[in-house]
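Written out below as structure tokens is the structure these notes cover.
Counting starts at 1 for both ligands and their atoms, following the listed order. Numbering of residues begins at 1 and proceeds along the displayed sequence.
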Amino acid sequence: MDILRGKRLSDLSSDAADYTSSIGSDKFLISSVIKINKAHMLMLMKKGIVDLKEGCGCLQALEKIPEDMPMSPKLEDVHMNIEALVVENVGETIGGQLNLAKSRNDQVATAIRMVLREFILNIASSLNHLRKVILKRCEEHLTTVMPGYTHLQHAQPITLAHHLLAYHDAFMRDCERLMESYKRVNLSPMGACALATTGFKIDREMVSELLGFDGLVENSMDAVSARDFLVEVISDLAILMTNLSRFSEELVLWSTQEFSIAEMPDEYSSTSSIMPQKKNPVVAELIRAKTSKVYGNLLTSLSILKSLPYSYNLDLQDLTPNIWDSCQITLSSINVFKNMLEKVKFNEKRLLELVKSGMSIATELTDTLVREQKIPFRTSHRIVGMLVKRALSEGKSLDQAVKEDLADIIRENTGKSMSISEEVLGKVLDPVENIKIRTIKGGPSPNEVLRMTKERWKVLKDDDELILKKKESLKLADDRLVKEILSLKEVTKARK
Ligand code: ARG
């Protein structure tokens, strides 16, 4: 007899079983569901709700379940498959107590949170490895000058370190966001049962602690209905993937013949089956594509939730795989990107050539006129604009136009002669000097970027410690659960 349907319903048709079962993605939950069953049973025994001997029978049966247990769709999900195994193992008199004072509704919400918290910590750890690689690459390129872009047009000189550190900082916030979400994920719904708790005098806090949670999702209706924690984490991942995708896109762009700023490592590129000269940045391309999949998961999850009446509906079951898919995509993307970035070759000569051939010192020239010529910024902006236009129409470099035409244009516009020394002009025209004087907080001067880099290493260390602390506390809870079960078994044995 089906332990769930009993004599209430006749057998589920096999097409309906296949259609409604969650066993496909429940593999993620098996070990957590086993732990939840153990912790809950331990609590029931300690509270005197379940007889010690019967409880021990259940615990022993739970211990025998392998983490890759086969599951039948007829039993709907991991929860019923586990209960069926226990009943099969120790009989209904004992195993029939397994689901006392709990429901699949609180159990699934709890299991999802347990798996998700591990994913969060692993993703945050991987992200921190990536941050380390970026910081190292920054240190290599503190004085590698390049054009900074706006609208993909040469804007002002910066350094490669300054550019890379911008990505680091985005990932630093991604890590912070994930750890912030962790606080809302690591709360226990157990004890909410189906939606309204139970008349048995259970101890929700005890189960929460045994499972390594930091507290409860208190309101039992909220505990079984809420999936905002899940949407929140997918949002975090969507943002993280967006940052990774932008970085990937730049690497794709930079490795084109037109830019020739970066060369992808062979190990992370492919070639063409027909065009032997090709070196395609396929890893970076796929990160862009997979980012879209995470967006899809986010939208799917929000749409599933938006019109669900409280509390549990089976629609929630279809939401869950979206988080696992997003976590797996993000984790593998970060890892492969990190390995690739370690080996990307940046072409320093080409970067300098680009910045020298462009007109990105124009802003500094404008500012210099304000300082030396004592004219308003807007007037100076107009003068340099005219100079640029003349240089372009006469096919001159900006350097050449400064030497040949700047004095004339200043006189035309202000009626005064030029009062900027050759030495000052020489510095203005040098992109390296442009960068050196940008010592303002957050600017590209090598000293300032070095200062920022050093500070980022400290933040990274703190972030790593926080993740480690969380991992250790989960491990501690796991060990405690095992020990508590052992000692309760001994107490039971002694009472015989
Ligand atoms: N398989 C379900 C899920 O993933 C577990 C909860 C089922 N609850 C129920 N009342 N049918 O959400």
Exercise for the section: Indicate, with yes or no, if the rings of W254 and H163 have centres closer together than 6.0 Å. Expected result: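 W254 vs H163: aromatic centres under 6.0 Å.
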
Whether [Y] and [X] form a salt bridge (side-chain N of Lys/Arg under 4.0 Å from carboxylate O of Asp/Glu) is what I want to check.
X	Y	result
K279	D266	yes
E465	K461	yes
R184	D228	no

Fill in the blank from the handout: ring-ring contact (aromatic ring centres under 6.0 Å, His included) filter on F28, not counting sequence neighbours, yields W324

Practice task
Establish, for the pair R113 and F229, whether the NZ or CZ atom is under 6.0 angstrom from the six-membered ring centre and no further than 45 degrees off its axis.
Solution key: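 Yes, R113 sits over the ring of F229.
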
Check each N or O atom of ligand 1 against all protein N or O atoms and list the pairs under 3.5 Å, with atom names and distances to 0.1 Å, one per line.
| from | atom 1 | to | atom 2 | distance (Å) |
| --- | --- | --- | --- | --- |
| ligand 1 | 1 (N) | S22 | OG | 3.1 |
| ligand 1 | 1 (N) | D77 | OD2 | 2.9 |
| ligand 1 | 1 (N) | Q317 | OE1 | 2.8 |
| ligand 1 | 8 (N) | N105 | OD1 | 2.9 |
| ligand 1 | 10 (N) | N105 | OD1 | 3.2 |
| ligand 1 | 12 (O) | Y312 | OH | 2.4 |

